[in-house]
Amino acid sequence: EEVLRLGSGQGRLATCTLRYGNVYGPRQNPKGEAGVVAIFATLLLRGERPTIFGDGSKTRDYVFVEDVVRANLLAMEEAPPGACYNIGTGKPTADQRIFDLVRGAVGAHLTPIYGSKRPGEVDHIRLDCRRAERELGWRPQVLLEEGIERAVAFYRGRTGHK
């Protein structure tokens, strides 16, 4: 952001920064440590128990991929040079809630494995997205429950599990 701000300040670049919450949805890579909805869905569809790191109370601001795409398109058209926007829902959602929603969408009855909290991990993240709403007319449209249902449907089709 600082490099972009410098270039923008010198008149060489017209930039805008979007800071995303935890983006989720169809096509997210379930391999690695990011993408908890994809990871949980893929494991549960295979009949495996996902791991929640900590006691499940850690929260993040989850935003559906289509809402993020819309924010990018609006920012390209509407944002003044140098603007910075948070793109999320403004609502904290606990890991346990994400697990419960994914498990429900999958139709599984498994319980998670609770692992040790990862060192240095932030306990709670929630974004203030009012500037994006005020200046871009953007706000998230896909509710968490709907987004998770759509993501699970994608992974169900991809894995062949019913």
Side-chain angles (χ1 to χ4, degrees), residues 1 17-75 83-162:
E1 286 182 33
T17 302
L18 300 181
R19 297 175 179 156
Y20 306 138
N22 281 42
V23 181
Y24 72 97
R27 294 182 180 76
Q28 187 171 29
N29 185 349
K31 296 180 172 77
E33 64 181 53
V36 71
V37 171
I39 293 167
F40 286 179
T42 302
L43 290 172
L44 287 167
L45 285 164
R46 291 194 312 230
E48 298 176 31
R49 295 171 62 202
T51 299
I52 293 176
F53 295 97
D55 64 4
S57 64
K58 177 176 58 69
T59 63
R60 295 290 180 263
D61 188 330
Y62 289 88
V63 60
F64 193 66
V65 64
E66 288 178 14
D67 287 326
V68 171
V69 169
R70 224 170 17 79
N72 278 268
L73 294 172
L74 283 168
C84 182
Y85 302 98
N86 291 329
I87 304 300
T89 61
K91 299 175 185 170
T93 303
D95 290 348
Q96 184 66 51
R97 172 102 171 109
I98 294 295
F99 175 82
D100 292 341
L101 288 170
V102 173
R103 179 176 58 186
V106 167
H109 300 286
L110 299 170
T111 57
I113 298 166
Y114 293 95
S116 298
K117 181 181 171 189
R118 293 185 245 196
E121 193 162 34
V122 176
D123 289 334
H124 304 288
I125 297 174
R126 179 179 63 94
L127 302 179
D128 180 350
C129 306
R130 290 177 292 187
R131 183 174 184 195
E133 183 175 355
R134 188 173 60 248
E135 295 181 13
L136 302 178
W138 179 88
R139 82 174 87 159
Q141 295 179 346
V142 178
L143 297 175
L144 183 63
E145 295 80 2
E146 176 192 347
I148 286 178
E149 289 280 345
R150 289 168 62 184
V152 167
F154 170 81
Y155 292 108
R156 187 183 309 280
R158 192 170 181 192
T159 61
H161 290 89
K162 302 205 184 242

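Since we're looking at a predicted model, the values are computed, not measured. Position 1 is the first residue of the sequence, and the numbers go up from there.
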Once ring pair (Phe, Tyr, Trp, His ring centres under 6.0 Å) is applied, do any residues pair with Tyr85, and if so which ones, sequence neighbours excluded?
none
Not counting sequence neighbours, which residues clear ring pair (Phe, Tyr, Trp, His ring centres under 6.0 Å) with Tyr24? List them please.
Phe64
Interatomic spacing from CG in Leu73 to CG in Leu136 - rounded to 0.5 Å:
11.0 Å
How far does CG of Leu45 sit from CZ of Arg156, to the nearest 0.5 angstrom?
5.5 Å
Leu143: what forms a side chain to side chain contact (heavy atoms under 4.5 Å, CB included) with it, not counting sequence neighbours?
Glu145
Within the structure provided, determine whether [X] and [Y] are in side-chain contact (heavy-atom separation under 4.5 Å).
{"X": "Val106", "Y": "Tyr155", "answer": "no"}
{"X": "Val63", "Y": "Asn22", "answer": "no"}
{"X": "Leu127", "Y": "Ile87", "answer": "no"}
{"X": "Leu44", "Y": "Leu110", "answer": "yes"}

Provide the full list of ring-ring contact (aromatic ring centres under 6.0 Å, His included) pairs with a residue in residues 119-149, sequence neighbours left out, each pair given once.
none
ring-ring contact (aromatic ring centres under 6.0 Å, His included) pairs, two or more places apart, involving residues 35-58
Phe40-Phe99
Counterpart residues, side-chain hydrogen bond (donor to acceptor under 3.5 Å, both in side chains), relative to [X] (two or more places apart):
{"X": "Arg131", "answer": "Glu135"}
{"X": "Gln28", "answer": "none"}
{"X": "Arg130", "answer": "Asp128"}
{"X": "Thr51", "answer": "none"}

Shortest non-hydrogen contact from Pro26 to Val65?
CD-CG1, 4.3 Å
With sequence neighbours excluded, residues passing salt bridge (Lys or Arg N to Asp or Glu O under 4.0 Å) with Asp55
none
Which residues pass the salt bridge (Lys or Arg N to Asp or Glu O under 4.0 Å) test with Asp67, not counting sequence neighbours?
Arg70
Just by modelled atom types, is the [Y] backbone N or O under 3.5 Å from a matching donor or acceptor in the [X] side chain?
{"X": "Arg19", "Y": "Cys84", "result": "no"}
{"X": "Arg49", "Y": "Thr111", "result": "yes"}
{"X": "Asp61", "Y": "Thr89", "result": "yes"}

What pairs of residues pass the salt bridge (charged side-chain N to carboxylate O under 4.0 Å, His left out) test when at least one of them lies in residues 86-96, not counting sequence neighbours?
Lys58-Asp95
